[in-house]
Amino acid sequence: MIGANGQIGTELAVALRQKFGSENVITSDLREPRSPKEGEIFEIINVLDKPALKALFEKYKPTQVYLLAAMLSATGEQYPMKAWDLNMNGLLNVLDLALELGIKKIFWPSSIAVFGPHSPKQNTPQYCIMDPNSIYGISKLAGERLCEYYHKKYGLDIRSLRYPGIISWKTAPGGGTTDYAVDIFFEALKSGKYSCFLSADTALPMLYMEDAVAGTIALMDAAQEQLTVRSSYNLGGISFTPAEIAEEITKILPNFEMSYVENDPRQAIADSWPASIEDTVAQEDWNWKPTFDLQAMTKDMIENLK
Ligand SMILES: NC(=O)c1ccc[n+]([C@@H]2O[C@H](COP(=O)([O-])OP(=O)(O)OC[C@H]3O[C@@H](n4cnc5c(N)ncnc54)[C@H](O)[C@@H]3O)[C@@H](O)[C@H]2O)c1
């Protein structure tokens, strides 16, 4: 797993170690993990350093690669060319080395950021107009096209999900537009109030980490012939607005107060994204079904963060 110290990698690695055994999961990142555990194999790697990546693959001969290293939407707008470089060349390095070294299976996540202002906003379907206008979304859409291309042209078994905003409590999110839906829980418990950078009625698709991890593993376990999408699968979860999540939190923490900051640059990114996602193709192909709704997620977040 490359980019394993981030929000998703930290939890996906735990699940993969449980499934395959610690000796069979190699995590890697630019920097050491914050709390390394005995028996876990970790390597420092920069995914942009192709010779070092090749040496790493030759050392461990992985059968599957999970590529999670990326620059996310909000940070990407601050450093557009760095985001393009990491998100595109990181992916190309992995795809090319997978072909060269015969790595069997690749997982690479895309995002709901591949949609844009002319995509249908409600229940955005698998196939529709896609005109992303953030550098992150542009890089993810290009990445999806490359994944499908490498599958069709070279037979590479690459699998992908368009993750919505992922909500979790173990590791802080890495600079995305949906980060408010994680920060709000930390602040609700710490100070009893939260100043939100998105407007009260900005609905966005989100997903609880447990469902994201289970969905990723289900996709990777699915038989090749079940999969009809080789760009990236729509993955719906829970769609809600800042006002709705604040109301849910208030049911458990009655004194919680929410306020809103205007003119944050992340609002424009959110406004160009879907409000909800239609994911019947994932349901039909590999039985995708999330288990957490807004209420269950809010309860679980607060219980764990406490
Ligand atoms: N978290 C979400 O809500 C979300 C939503 C949609 C898609 N995604 C996608 O899922 C993937 C993982 O996201 P995340 O939230 O865990 O991200 P994150 O920012 O929390 O973690 C990314 C990790 O990659 C590492 N990294 C950065 N540059 C690297 C490099 N050059 N070489 C090796 N490692 C490097 C970072 O140190 C970090 O630990 C990304 O592709 C992201 O676009 C995430």
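What you see below is based on every heavy atom in this structure, not just the backbone, and it leaves out hydrogens, waters and symmetry mates. Read the numbers this way: they start at 1 and go in the same order the structure lists the ligands and their atoms.
- The ligand atoms of ligand 1 that sit less than 4.0 angstrom from a heavy atom of Arg31 are 37 (O), 38 (C), 39 (O).
- We find the CD-NZ distance between Glu257 and Lys193 to be 6.5 Å, quoted to the nearest 0.5 Å.
- Residue Asp29 holds the heavy atom nearest to atom 36 (C) of ligand 1 of all those in Thr10, Asp29, Asn93.
- At least one N or O atom of Lys140, backbone or side chain, sits closer than 3.5 Å to an N or O atom of ligand 1.
- One finds the CD1 atom of Ile44 at 4.0 Å from the CD atom of Glu32 (value rounded to the nearest 0.5 Å).
- Under a 4.0 angstrom heavy-atom cut-off, Gly90 registers as lying outside contact with ligand 1.
- Within the 4.0 Å heavy-atom shell around ligand 1 one does not find Pro173.
- Atoms of ligand 1 lying under 4.0 Å from at least one heavy atom of Ala69, given by number and element, are 24 (O), 26 (N), 29 (C), 33 (C), 34 (N), 35 (C).
- For atom 27 (C) of ligand 1, the nearest non-hydrogen atom from the set Leu68, Leu30, Ile167 belongs to Leu30.
- Between the choices Gly9, Pro164, Gly176, Ala113, the shortest heavy-atom distance to atom 5 (C) of ligand 1 belongs to Pro164.
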Report all side-chain donor-acceptor pairs from residues 86-98 shorter than 3.5 Å, counting only partners two or more places apart or in another chain.
unit_1 : atom_1 : unit_2 : atom_2 : d
Asn87  : OD1    : Met71  : N      : 2.8
Asn87  : ND2    : Met71  : O      : 3.2
Asn87  : ND2    : Ser139 : OG     : 3.1
Asn89  : ND2    : Asp85  : OD1    : 2.6
Asn93  : ND2    : Val47  : O      : 2.9
Asn93  : ND2    : Asn89  : O      : 3.4
Asp96  : OD1    : Tyr150 : OH     : 2.7

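- Residue Asn5 approaches ligand 1 through these ligand atoms, each under 4.0 Å from one of its heavy atoms: 39 (O).
- In this structure, CH2 on Trp169 lies 7.5 Å from CG on Leu305, to the nearest 0.5 angstrom.
- To the nearest 0.5 Å, atoms CD (Gln7) and CD1 (Ile166) are separated by 7.0 Å.
- A distance of 12.5 Å separates CG of Asp29 from CD of Glu43, quoted to the nearest 0.5 Å.
- Ser232 and Ser110 make their closest contact through OG-CB, 3.3 Å (heavy atoms, listed as atom of the first residue, atom of the second, distance).
- The protein heavy-atom contact nearest to atom 2 (C) of ligand 1 is Ile166 CG1, 3.6 Å.
- Within ligand 1, the atoms closer than 4.0 Å to a non-hydrogen atom of Tyr136 are 6 (C), 7 (C), 8 (N), 9 (C), 42 (C), 43 (O), numbered from 1 in the order shown.
- Val47 N, 2.9 Å is the protein heavy atom nearest to atom 32 (N) of ligand 1.
- For the atom pair Tyr136 OH and Trp84 CH2, the distance stands at 14.0 Å (nearest 0.5 Å).
- Polar contact check, Ala70 against ligand 1: no nitrogen or oxygen pair lies under 3.5 Å apart.
- Aromatic rings from Tyr233 and Trp286 are positioned such that their centres are separated by under 6.0 Å.
- Close approach to Gly165 involves these atoms of ligand 1, each under 4.0 Å from a residue heavy atom: 3 (O).
- The option from Gly3, Ser160, Pro109 that lies nearest to atom 24 (O) of ligand 1, judged by heavy atoms, is Gly3.
- In this structure, atom 13 (O) of ligand 1 lies nearest to the protein heavy atom Ile8 CD1, 3.8 Å.
- Using a non-hydrogen distance threshold of 4.0 Å, Met71 does not register as a contact of ligand 1.
- Within the structure, the closest approach of Ser110 to ligand 1 falls below 4.0 Å when heavy atoms are considered.
- Of the charged side-chain nitrogens involved, none lies within less than 4.0 Å of a carboxylate oxygen, so that Lys289 and Asp279 do not count as a salt-bridged pair.
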